[in-house]
Structures are given as structure tokens and as C-alpha cells.
There are 2 protein chains.
Amino acid sequence: MTQSAWDPYERDCPSRQMLDRIGDRWTVLVVGTLAARSLRFTELSRRIDGISQKMLTQTLRSLERDGLVTRTVHAEVPPRVEYELTASGRSLQQPLQALEQWAVDHMDAVVQARRRYDAR
Amino acid sequence: MTQSAWDPYERDCPSRQMLDRIGDRWTVLVVGTLAARSLRFTELSRRIDGISQKMLTQTLRSLERDGLVTRTVHAEVPPRVEYELTASGRSLQQPLQALEQWAVDHMDAVVQARRRYDAR
DNA sequence: CTGTATCCGCCTTGATACTG
DNA sequence: CAGTATCAAGGCGGATACAG
């Protein structure tokens, strides 16, 4: 059974919650980093400048819970844990990539607009 | 002069700040609401369920500062203020629309994934 | 290596009251 | 109508310490 009336403009709609979650500091960057290939915990933290261990763990757990990322523990010493996007996660990566690209493309204009605005 | 090395994965990169800003609770919804046509303050607040006056004002100011929205005051009584997307704002609307659509399309799957995860 | 647990400051957000 | 000002609460996120 499919729901046809998801409306992010309504307060308690799950799709609104999803937007809220995407909007946390780190989700975009974690999903973007996993886009190319699966990575280990430490590799992720090295590539995402400024993320703390706690936030990386928390973000990964949320993504796992939402079915966007799989977590695979390999029985080795020392432990090796691989994170990988699911099909669902890869489908999210598309719009996020577009957003990331927009940010890169428009930063010059935005920075200038801010300067003008602040100069008044 | 154009900057070619914007990298959102670096801590202090402006494009990273942009992602942070997009990621606030309301930006996606405000831009989405303004996509169709320009709107007044009250119309916006009516359409975005749950937004407070303060947050709407704050979000609009930020968007104006970043050059994504114009604010036009008409000299009437009572005052009429129209908010409208700039060209830059409309270009952002595209990726945000994609994101919004993703949220709507995948909510069923996400809700189910959460149920499975929580049931363990 | 891959986490968990705890403490804590700050910032965001919301509620409320007031203004041109 | 379209805001501004103020205050209080809560959560986010960072730092640190510890563990399997």
C-alpha cells in the first residue's frame, strides 16, 4: 500500500522529518563521501574535515536505521567495519550531489551578495 | 575572478557554510513555497505549517542577504511586502525540488526501514 | 580500530509581548 | 500587516575518558 499524500509542508509529515534529518550538519557529507565506494569508519572521519567521532557514529546510525547505509563487521583483529550505501542511499545521493554542486557553483555569487548586504 | 577549489569537505570552505545554511529547518520549505510565485509574509507563514514568525523573518533575511530572495515593500497602508526568488534563488530551487521529491518518494521505504531497525 | 558514555556550553528555536 | 525584542528551554555538537 502506497501513501500518496506525503506533504513536507505539513508539520508532522514524515517527509518533513526526512528533510529535517537531511538538514543536519553531516548527512550530506557522509552520503557524498560514500558515493564512490564503501569506506571504513576511520577513512570516513579522515575525509570529512571537522567531524567528531560522536557525530560520525550518530550520523551513520541514523542512516543505517533509515535503510540508507549498511554496516558490515568483519571478524578480524583489529575489527574492520565497512559502511556502504544501499540502493535507497544511492538514490538519495543524486539529489544531494546536485545540491553540493549548486553550493560549489554559486558560492562566489553568494559571498559577493553577502558583502553587498552587509555594506549597507 | 572565479574560485575553482570550493570543497565542502573542508571545514572552513564557504560552500560548506552554504550546505549548513540550506540544512536549517526552514530554507528548503521557504524556497519551495516561493517557487511558484512571489508571496507576502503572511501568505508564506500560512503555507508553511508550524513556522514561527521569528523563524520566517530570520530565514527570509538570510535568503535576502545571500541574494536568493528579493524583498519589496509597497508604500501602502497596511504595508504589503512581497518576497520573490532571484535568478540565483530559482537555480537553487531546482536541486531543492529534487530533494523534496526524494523525501516524498522514499518515505514509505524509510518508515519501514525504521520499524525493522527498531524491532531488533 | 571502532566504538560507547558522560559532561557541558552554546546556539537554535519557540513563545510571548510589543510596535510602526 | 509585518515585523522587532526579549526570554527561556532544549538539543546539537564538541571534548574527553574509557572499552571490546
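Residue numbers begin at 1 in each chain, while the letters A, B, ... track the order of the sequences.
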K.L.:
What is the distance from CE of A:Met55 to P of D:dT16, rounded to the nearest Å?
P.N.:
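The answer, rounded to whole Å, is 16 Å.
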
K.L.:
Please determine whether a side-chain nitrogen or oxygen atom of A:Thr42 lies at a distance below 4.0 Å from atom OP1 or OP2 of C:dC1.
P.N.:
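Yes, A:Thr42 has a side-chain N/O under 4.0 Å of OP1/OP2 on C:dC1.
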
K.L.:
Within the structure provided, determine whether A:Arg16 and A:Glu10 are in side-chain contact (heavy-atom separation under 4.5 Å).
P.N.:
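No; the side chains remain at least 4.5 Å from each other.
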
K.L.:
In whole angstroms, how far is the C1' atom of D:dA2 from the CZ atom of B:Arg61?
P.N.:
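The answer, rounded to whole Å, is 9 Å.
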
K.L.:
Among A:Arg65, A:Arg21, A:Gln17, A:Met18, exactly one meets side chain to side chain contact (heavy atoms under 4.5 Å, CB included) together with B:Val110. Which residue is that?
P.N.:
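Passing option: A:Met18.
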
K.L.:
Choosing from C:dT2, D:dT6, C:dT4, which nucleotide comes nearest the side chain of A:Arg40?
P.N.:
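Among C:dT2, D:dT6, C:dT4, the one nearest the side chain of A:Arg40 is C:dT2.
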
K.L.:
Is there a donor in the side chain of A:Ser38 and an acceptor in the side chain of A:Glu82, or the other way round, less than 3.5 Å apart?
P.N.:
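There is such a pair between these side chains.
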
K.L.:
Can you tell me how far P of D:dG14 sits from CG of A:Asp49, to the nearest Å?
P.N.:
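The distance from CG of A:Asp49 to P of D:dG14 comes to 11 Å, rounded to the nearest Å.
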
K.L.:
Please compare A:Thr57 and A:Lys54 by the position of their nearest nucleotide in DNA chain C and report the one closer to 5'.
P.N.:
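Comparing both residues, the 5'-ward one is A:Thr57.
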
K.L.:
State whether B:Arg71 places a side-chain N or O below 4.0 Å from either non-bridging phosphate oxygen (OP1 or OP2) of D:dA2.
P.N.:
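B:Arg71 to D:dA2 OP1/OP2: no side-chain N or O under 4.0 Å.
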
K.L.:
Answer yes or no: does a side-chain N or O of B:Tyr83 lie under 4.0 Å from OP1 or OP2 of D:dC1?
P.N.:
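No, B:Tyr83 has no side-chain N/O under 4.0 Å of OP1/OP2 on D:dC1.
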
K.L.:
Hey, could you give me the OG/CH2 distance between A:Ser15 and B:Trp102, rounded to the nearest 0.5 Å?
P.N.:
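Nearest 0.5 Å value for the OG-CH2 distance: 10.5 Å.
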
K.L.:
Between atom CG in B:Asp20 and atom C1' in C:dC10, what is the gap in whole Å?
P.N.:
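About 16 Å, once rounded to whole Å.
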
K.L.:
In whole angstroms, how far is the P atom of C:dC11 from the CZ atom of B:Arg21?
P.N.:
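To the nearest whole Å, that distance equals 16 Å.
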
K.L.:
Whole angstrom is fine here: how far is it from NE2 in B:His74 over to C1' in D:dC1?
P.N.:
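After rounding, the gap between these two atoms is 13 Å.
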
K.L.:
For the pair made of CG in A:Asp24 and C1' in D:dG14, what is the distance, rounded to whole Å?
P.N.:
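A:Asp24 atom CG is separated from D:dG14 atom C1' by 15 Å.
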
K.L.:
For a quick check under 3.5 Å, do A:Asp105 and A:Gln101 share a side-chain donor-acceptor pair by atom type?
P.N.:
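A:Gln101 and A:Asp105 do have a side-chain donor-acceptor pair below 3.5 Å.
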
K.L.:
Expressed as a whole number of angstroms, how long is the span from A:Arg46:CZ to C:dC1:P?
P.N.:
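Spelled out: CZ on A:Arg46 to P on C:dC1 is 8 Å.
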
K.L.:
At 4.0 Å (heavy atoms only), tell me whether B:Gln53 reaches a base, stays on the sugar-phosphate, or touches nothing.
P.N.:
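It contacts base atoms.
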
K.L.:
With DNA chain D as reference, determine whether A:Pro79 or A:Ile51 sits nearer its 5' end, using the nearest nucleotide of each.
P.N.:
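In this pair, the answer is A:Ile51.
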
K.L.:
Nearest to the side chain of B:Phe41 - D:dG14, D:dT4, D:dA2?
P.N.:
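Of D:dG14, D:dT4, D:dA2, D:dA2 is nearest to the side chain of B:Phe41.
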
